[in-house]
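Written below as structure tokens is the structure these notes are about.
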Amino acid sequence: MRPLEKIINEYLESCIKGEDAQERGDSKMYNKQQRIIQKIRKELKSNSEYGLEKLMPFLEHQSTFVRLETAISLVPVQPERAKQVLLELIDTRGLTAFNAKMTLSEWKNGNLKFDF
């Protein structure tokens, strides 16, 4: 298993790159970063020493995109805190606000699937 610091750094880097790709409309790069984030979610969840909770500090990150990705990651283990962050993000602007709104809607409708 990779060191936690390396995993966390890769997570943050992929979130930042994903946000940049989204803003530029670069779907290929955005999808690549989403695959990396998904891989990291699985890696954290599968390691009993780490767990998805290691992402909790990113719920306070200055980037709304990082907070969004982190809230989505934490829905299975910290649902109330994740919901609170998603509700806060709805009041922001742009695609992050839209994605937060859609995530909450799909969650409410029972359509969220977590394969990590």
Side-chain angles (χ1 to χ4, degrees):
M1 177 62 51
R2 298 185 301 153
L4 180 60
E5 183 178 338
K6 185 171 181 141
I7 295 168
I8 294 300
N9 287 339
E10 184 179 0
Y11 174 80
L12 184 56
E13 181 180 311
S14 291
C15 285
I16 300 299
K17 286 181 179 179
E19 179 179 29
D20 179 61
Q22 180 178 267
E23 289 175 359
R24 291 183 292 108
D26 185 347
S27 61
K28 184 175 180 180
M29 178 59 76
Y30 176 81
N31 290 335
K32 177 182 177 182
Q33 298 311 313
Q34 288 297 308
R35 286 190 297 276
I36 292 169
I37 292 167
Q38 185 70 359
K39 181 186 91 174
I40 291 168
R41 288 172 176 152
K42 287 179 181 181
E43 187 174 5
L44 287 172
K45 184 179 179 189
S46 69
N47 186 317
S48 60
E49 291 180 39
Y50 297 163
L52 291 168
E53 292 85 358
K54 295 296 183 184
L55 299 176
M56 288 286 293
F58 293 118
L59 290 174
E60 306 296 328
H61 197 274
Q62 65 185 15
S63 164
T64 56
F65 189 86
V66 172
R67 291 197 314 265
L68 172 70
E69 288 297 330
T70 303
I72 292 168
S73 298
L74 293 174
V75 166
V77 294
Q78 293 286 329
E80 290 306 314
R81 182 67 178 114
K83 184 177 181 179
Q84 178 185 7
V85 171
L86 291 168
L87 287 168
E88 291 168 6
L89 291 172
I90 288 174
D91 294 331
T92 63
R93 295 181 176 201
L95 288 173
T96 299
F98 175 77
N99 288 335
K101 183 177 181 178
M102 292 308 299
T103 299
L104 283 168
S105 175
E106 291 301 302
W107 186 1
K108 180 180 176 184
N109 292 331
N111 295 331
L112 287 187
K113 306 287 186 250
F114 298 98
D115 59 350
F116 50 87

Problem - More than 12 heavy atoms from other groups under 6.0 Å of NZ on K39 - result: yes

Practice task
First locate atom NZ of K45, then atom OG of S48, and finally report the distance between them rounded to the nearest 0.5 Å.
Solution key: 13.5 Å

Handout entry: Separation between CD1 of I90 and CE of M102, rounded to the nearest 0.5 Å
Key = 10.5 Å

Handout entry: Closest heavy-atom pair and its distance - K54, E49
Key = CE-O, 3.9 Å

Exercise for the section: Please tell me if the side chains of L86 and W107 come closer than 4.5 Å, counting only heavy atoms from C-beta onward. Expected result: yes

Completion exercise
Of all heavy-atom pairs linking H61 and S63, the shortest is ND1-N, 2.9 Å

Exercise for the section: Starting from the C-alpha separation in whole Å, work towards a yes-or-no answer on side-chain contact (heavy atoms from CB on, under 4.5 Å) for V85 and T70. Expected result: CA-CA 9 Å; V85 171; T70 303; over 6 Å; no

Handout entry: From L104 atom CG to E106 atom CD, the distance as rounded to the nearest 0.5 Å
Key = 10.5 Å

Completion exercise
So the side chain to side chain donor-acceptor pair (under 3.5 Å) pairs with at least one residue in residues 85-96 (sequence neighbours excluded) are none

Exercise for the section: Determine, step by step, whether L4 and L44 satisfy the side-chain contact (heavy atoms from CB on, under 4.5 Å) criterion, reporting the C-alpha distance in whole Å, the side-chain angles of both residues, the deciding distance to 0.1 Å, and the verdict. Expected result: CA-CA 9 Å; L4 180 60; L44 287 172; 3.9 Å; yes

Problem - Hphob cluster co-occupancy, I36 + M29, side-chain heavy atoms under 4.5 angstrom - result: no

Practice task
Taking atom types as modelled, find out whether E19 and Q33 have a side-chain donor-acceptor pair closer than 3.5 angstrom.
Solution key: no

Problem - Separation of I7 CD1 from N47 CG (nearest 0.5 Å) - result: 7.0 Å

Handout entry: Inter-residue atom distance S46.OG - L52.CG, 0.5 Å rounding
Key = 9.5 Å

Exercise for the section: Check A100 against L89 and note the closest heavy-atom contact, atom names and distance. Expected result: CB-CB, 3.7 Å

Fill in the blank from the handout: Using a 4.5 Å side-chain heavy-atom cut-off and chaining through intermediate ILVMFWY residues, the residues clustered with Y30 come out as F65

Handout entry: Shortest non-hydrogen contact between R41 and I72, atoms and distance
Key = NH2-CG2, 3.7 Å

Problem - Min side-chain heavy-atom separation I8-I40 under 4.5 Å - result: no

Practice task
Go through the side-chain N and O atoms of R81 and Q84 and say whether any donor and acceptor fall under 3.5 Å apart.
Solution key: yes

Problem - Nearest heavy-atom neighbours spanning A71 and A82 - result: O-CB, 3.3 Å

Problem - Short side-chain to backbone donor-acceptor contact, S73 and E69, under 3.5 Å - result: yes

Fill in the blank from the handout: In terms of heavy-atom contacts, N99 and Q22 come closest through ND2-OE1, 3.5 Å

Problem - Inter-residue atom distance C15.SG - Q34.CD, 0.5 Å rounding - result: 8.0 Å

Exercise for the section: List the steps and the verdict of salt bridge (charged side-chain N to carboxylate O under 4.0 Å, His left out) for K6 and E43. Expected result: CA-CA 12 Å; K6 185 171 181 141; E43 187 174 5; over 6 Å; no

Practice task
State yes or no: do V75 and F98 share one hydrophobic cluster built from I, L, V, M, F, W and Y residues joined by side-chain heavy-atom distances below 4.5 Å, directly or via other members?
Solution key: no

Handout entry: N9 side chain to E5 backbone, donor-acceptor under 3.5 Å
Key = yes

Exercise for the section: Please answer: with hydrophobic residues joined when any side-chain heavy atoms are less than 4.5 Å apart, are I37 and L95 in the same cluster? Expected result: no

